[in-house]
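A quick write-up on the structure given underneath.
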Amino acid sequence: MAVQLIVFLPLLAAIVAGFGNRMIGNTAAKFVTTGALFVSCALSWPIFIGFMTGELQSQLYPVLAWIHSGDLRVDWALRVDALTAVMLVVVTTVSSLVHLYSWGYMAEDPSQPRFFAYLSLFTFAMLMLVTADNLVQMFFGWEGVGLASYLLIGFWYHKPSANAAAMKAFVVNRVGDFGFSLGIFGTFLVFGTVSIPAILAAAPAMAGSTFGFLGMRVDVMTTLCILLFIGAMGKSAQLGLHTWLPDAMEGPTPVSALIHAATMVTAGVFMVCRLSPMFETSQTALALVTFVGAATALFAATVGTVQNDIKRVIAYSTCSQLGYMFFAAGVGAYSAAMFHLFTHAFFKALLFLGAGSVIHAMHHEQDMRFYGGLRKSIPLTFWAMMAGTLAITGVGIIQIGGFPGFGFAGFYSKDAIIESAYMSGSAAAGFAFVVAIVAALLTSFYSWRLVFLTFFGTPRWAASGHIQHALHDVHHARDHEHGADPHPEDEHAGHDTRPEEAGAQAVREGTGGYHPHESPWTMLVPLGVLAIGALFAGLAFHGPFIDAHEGPRFWGGSLVFDAHLMEEIHHAPLWVKLAPAVVMIIGFLIALQAYVRNTTLPARFVAHFGILYQFLYQKWFFDEIYNVLFVRPSLWLGRFFWKVGDEATIDRFGPNGAAALVVGGNKLTARLQSGYLYTYALVMLLGLAAAATWAMAR
């Protein structure tokens with residue numbers, strides 16, 4: 001019964017808050033949704049601990065018979081194994097804390113019941129996805145998180161940019177979901193079932209077999225795995241289908257934390273790990289997963305180095321870290337991928353919610369160029385962000401001799417991925433290893449750049465009621481110093497002015513006597529809990545997740561666990577173990593030099609490498625390329641069918657033409673209705689003549 005409560009309590013809460021809305025009020029909606037999530041969280045942790053201690057085994061909880069049509073049998077059931085237990089803890093913990101955090105962050109919003117209903121609906125959809133026993137049920141959760149993300153990203157629907165971002169996320173994910181649906185169709189065609197356990201049991205026997213696809217003979221398992229991976233690429237924002245993720249920042253900050261840390265973007269990694277026995281049958285598919293993951297890690301890390309919006313920096317960080325998880329799965333280290341997903345949930349949620357606390361303190365200003373010196377004004381937020389930064393950059397001391405080593409969460413999980421890539425030995429894994437080291441350096445740089453621009457240096461906001469700097473002077477000085485376009489496109493142009501936007505403008509202008517202030521306790525408590533996870537999650541749980549001896553017992557066959565590879569990473573060369581720490585220190589020193597000691601360096605870099613800077617600042621021009629290749633042709637085709645096909649052809653010769661004919665006939669007959677006797681006599685005479693002619697002709 002506990003599992004059913006974990007999954008369906010958020011749905012019940014979403015229904016109550018959503019349909020109750022203003023009738024029950026803000027406070028009741030918050031209590032219902034937040035309380036339901038904390039109950040789900042409290043029930044999830046004993047299940048996770050039970051799998052860690054070996055007290056629980058995989059179980060199936062039938063719910064109802066759903067679809068029985070010919071050979072297709074889909075029964076709604078909840079599967080709980082170690083992999084599910086990990087996701088239950090991640091989803092419910094982060095979601096419950098995000099709900100609590102939103103009490104403070106969304107306190108002034110007039111649509112709080114709707115917001116909390118969307119959050120709970122999002123959580124329910126993700127819980128359905130991770131407990132799915134068959135691919136159709138997984139697809140239900142898959143589409144559910146897509147719908148909820150659309151609603152949450154476009155929550156402030158009065159803003160054109162929010163509507164555009166929500167639509168972009170929805171459309172891009174449809175591309176990936178089309179691949180996923182084809183993969184499900186093909187899987188049913190090959191295996192005759194959509195039951196995940198049955199498919200995974202039969203997958204090894206299909207290795208090497210072929211079938212016809214798109215007029216060619218292709219490898220069965222390679223084709224199915226690639227199609228399924230396309231779905232994962234869309235949900236988890238991998239290179240090519242990543243463009244929706246940065247724009248998702250248009251939603252409220254708690255939404256960003258939930259999407260990026262615990263729910264939507266982790267669905268793809270979970271799916272690949274859940275179906276790992278299928279992927280193990282195709283080295284081609286694994287090589288593709290490795291290459292795409294590594295390329296994404298590098299791409300997102302490079303773009304993150306030049307972003308000025310605090311949330312976008314963390315968004316590209318998420319994209320990069322997801323790349324790490326995917327290439328870990330590609331080299332066969334599925335347990336390391338899930339371990340990084342687990343630790344990443346804590347420190348990435350911490351970073352996003354910490355950024356939200358900064359934004360709250362700065363009256364919703366998100367541009368880091370207008371921060372500076374905030375560590376004294378919001379010290380608790382500063383230390384929380386420091387914990388998240390130390391975790392994501394992988395600060396720690398490696399195991400040497402009898403010293404067991406110690407580090408923050410990312411130190412254990414990310415280093416395990418890097419060492420797995422090196423020890424795997426394949427060509428694709430070698431590429432991933434090199435990319436991972438470079439990305440680790442960039443991660444350190446942009447993470448510490450965020451900290452230094454936000455919390456150190458001279459305050460770049462008004463400290464009193466007097467206007468200390470003219471608005472344009474501030475804008476141009478900061479743009480020049482950090483190498484930004486001196487006339488950046490205003491992301492809020494044309495929007496209705498919200499109170500938070502007005503406050504942000506006041507901060508920029510230096511008016512209103514605004515002073516940064518610490519967030520309320522409802523926002524600080526989640527930060528404190530997540531900071532504990534960022535500090536100790538790696539140390540506490542690395543044994544069950546990736547230890548060669550503890551791992552098989554913990555995972556219990558819920559994913560492919562390569563005990564040999566996990567043993568080999570302990571024997572990696574010393575330079576491989578030290579490389580992440582070295583590049584982390586290098587990135588830290590570069591950021592320290594450029595944004596604390598010598599703040600003219602960024603502008604000088606842009607002056608010498610302007611083309612490179614613009615390439616990165618414009619996100620490798622993916623949006624512009626897609627606009628030329630897909631958006632404009634689609635709009636042209638739509639307008640063609642609209643103007644030529646619909647209006648000029650169908651409407652002209654269809655309803656509009658018929659209507660015009662009726663109108664013309666009406667005008668003609670109206671002229672006969674003159675009211676004069678001789679007109680009616682003439683009509684009658686013509687009628688008699690026509691009738692006589694007809695009779696004589698017969």
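A quick note: this is a predicted structure, and the numbers were derived from the prediction, not measured. For reference, positions follow the sequence shown, starting with 1.
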Tell me if a side-chain donor or acceptor on [X] pairs with a main-chain N or O of [Y] at a distance below 3.5 Å.
X: Ser236; Y: Gln238; result: no
X: Tyr324; Y: Ala436; result: yes
X: Ser256; Y: Met249; result: no
X: Thr253; Y: Gly356; result: no

For the student: nearest non-hydrogen atoms of [X] and [Y], plus distance:
X: Met128; Y: Val7; value: SD-CG1, 3.4 Å
X: Ala77; Y: Pro62; value: CB-CA, 4.0 Å
X: Ser40; Y: Leu5; value: OG-O, 3.8 Å
X: Ala534; Y: Phe347; value: CB-CB, 3.9 Å
X: Ser420; Y: Ile569; value: OG-CG2, 3.6 Å
X: Thr343; Y: Ala409; value: CB-CB, 3.8 Å

Would you call the rings of Phe326 and Phe229 parallel, tilted or perpendicular if under 30° counts as parallel and over 60° as perpendicular?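 Perpendicular: the ring planes of Phe326 and Phe229 meet at over 60°.
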Please verify the inter-ring angle class for Phe124 with Phe8; under 30° counts as parallel, over 60° as perpendicular, anything in between as tilted.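 Tilted.
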Those residues that, when tested against Thr187, pass side-chain hydrogen bond (donor to acceptor under 3.5 Å, both in side chains) (two or more places apart):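 Applying side-chain hydrogen bond (donor to acceptor under 3.5 Å, both in side chains) to Thr187 gives none.
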Going by the rule side-chain hydrogen bond (donor to acceptor under 3.5 Å, both in side chains), which residues pair with Lys30 if we only count those two or more places apart in sequence or in a different chain?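 Partners of Lys30 under the side-chain hydrogen bond (donor to acceptor under 3.5 Å, both in side chains) test: Gln112.
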Quick test of your reading of the model: are Asp247 and Arg312 salt-bridged, counting only N-O distances below 4.0 Å?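 Answer for the salt bridge query: yes.
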Of all pairs that satisfy salt bridge (charged side-chain N to carboxylate O under 4.0 Å, His left out), the ones with a partner from [range], not counting sequence neighbours:
range: residues 137-157; value: Glu143-Arg174
range: residues 76-95; value: Arg79-Asp133, Asp81-Arg274
range: residues 44-58; value: none

Can you tell me how far OG1 of Thr131 sits from CG of Leu60, rounded to the nearest 0.5 angstrom?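 So the gap between those two atoms works out to 10.0 Å.
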Going by salt bridge (Lys or Arg N to Asp or Glu O under 4.0 Å), name the residues that satisfy it together with Lys311, two or more places apart in sequence or in a different chain.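 Per chain and number, Lys311 pairs via salt bridge (Lys or Arg N to Asp or Glu O under 4.0 Å) with no residue.
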Partner set under salt bridge (Lys or Arg N to Asp or Glu O under 4.0 Å) for Asp75, not counting sequence neighbours: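 Per chain and number, Asp75 pairs via salt bridge (Lys or Arg N to Asp or Glu O under 4.0 Å) with no residue.
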Give the table of side-chain donor-acceptor pairs shorter than 3.5 Å for residues 327-340, with sequence neighbours excluded, one pair per line with atom names and distance.
residue : atom : partner : partner atom : Å
Tyr334  : OH   : Glu280  : OE2          : 2.8
His340  : ND1  : Ser413  : OG           : 2.8
His340  : NE2  : Gln321  : OE1          : 2.8

Under the ring-ring contact (aromatic ring centres under 6.0 Å, His included) test, residues paired with [X] that sit two or more places apart:
X: Phe180; value: Phe139, Trp142
X: Trp66; value: Trp76
X: Phe31; value: Trp103

Looking at Phe408 versus Tyr412, is the centre-to-centre ring distance below 6.0 Å?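 Between Phe408 and Tyr412, the centre distance exceeds or equals 6.0 Å.
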What donor-acceptor contacts under 3.5 angstrom involve side-chain atoms of residues 535-547, with partners at least two apart or in another chain?
residue : atom : partner : partner atom : Å
His542  : ND1  : Gly538  : O            : 3.2
His542  : ND1  : Leu539  : O            : 3.1
Asp547  : OD2  : His549  : N            : 2.9
Asp547  : OD2  : Glu550  : N            : 3.0

Heavy-atom check, side chain of [X] versus side chain of [Y], under 4.5 Å:
X: Cys273; Y: Met325; result: no
X: Leu135; Y: Met271; result: no
X: Thr266; Y: Lys235; result: no
X: Met138; Y: Val194; result: no
X: Leu56; Y: Ile47; result: yes

How far apart are the C-alpha atoms of Ile199 and Thr193, what are their side-chain angles, what is the distance that settles it, and do they pass the side chain to side chain contact (heavy atoms under 4.5 Å, CB included) test? CA-CA 7 Å; Ile199 293 169; Thr193 180; 4.0 Å; yes
Determine, stepwise, if the pair Gln59 / Tyr61 fulfils side chain to side chain contact (heavy atoms under 4.5 Å, CB included). CA-CA 7 Å; Gln59 295 184 17; Tyr61 301 89; 2.5 Å; yes
For the pair Phe155 and Phe115, evaluate ring-ring contact (aromatic ring centres under 6.0 Å, His included) and give the outcome as yes or no after the intermediate values. CA-CA 7 Å; Phe155 177 75; Phe115 178 77; 5.2 Å; yes
For ring-ring contact (aromatic ring centres under 6.0 Å, His included), just list the numbers for His99 and Phe38, CA-CA rounded to whole Å, side-chain angles, deciding distance to a tenth of an Å, and then say yes or no. CA-CA 9 Å; His99 274 71; Phe38 271 96; 8.6 Å; no
Show your reasoning for whether side chain to side chain contact (heavy atoms under 4.5 Å, CB included) applies to Leu152 and Leu119. CA-CA 8 Å; Leu152 284 168; Leu119 284 185; 4.1 Å; yes
Verify the neighbour count for atom CH2 of Trp45: are there more than 12 heavy atoms of other residues, nucleotides or ligands below 6.0 Å?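 For Trp45, atom CH2 is crowded (more than 12 foreign heavy atoms under 6.0 Å).
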For atom OH of Tyr150, decide whether the heavy atoms of other residues, nucleotides or ligands shown that lie under 6.0 angstrom number more than 12.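 No, because the 6.0 Å sphere around OH of Tyr150 holds 12 heavy atoms or fewer from other groups.
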Apply side chain to side chain donor-acceptor pair (under 3.5 Å) to residues Asn163 and Trp156 and explain how you reach the verdict. CA-CA 8 Å; Asn163 289 327; Trp156 286 324; over 6 Å; no
Is it the case that the side chains of Ser317 and Lys348 hold a donor-acceptor pair, with the cut-off being a distance below 3.5 Å and no angle test?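 Yes.
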Polar side chain donor-acceptor pair, Tyr101 to Thr522, under 3.5 angstrom: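 Looking only at side-chain atoms, Thr522 and Tyr101 do not form any donor-acceptor pair under 3.5 Å.
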Could you go through Leu322 and Leu341, starting from their C-alpha distance and side-chain angles, then the distance that decides it, and tell me whether this counts as side chain to side chain contact (heavy atoms under 4.5 Å, CB included)? CA-CA 8 Å; Leu322 289 167; Leu341 185 154; over 6 Å; no
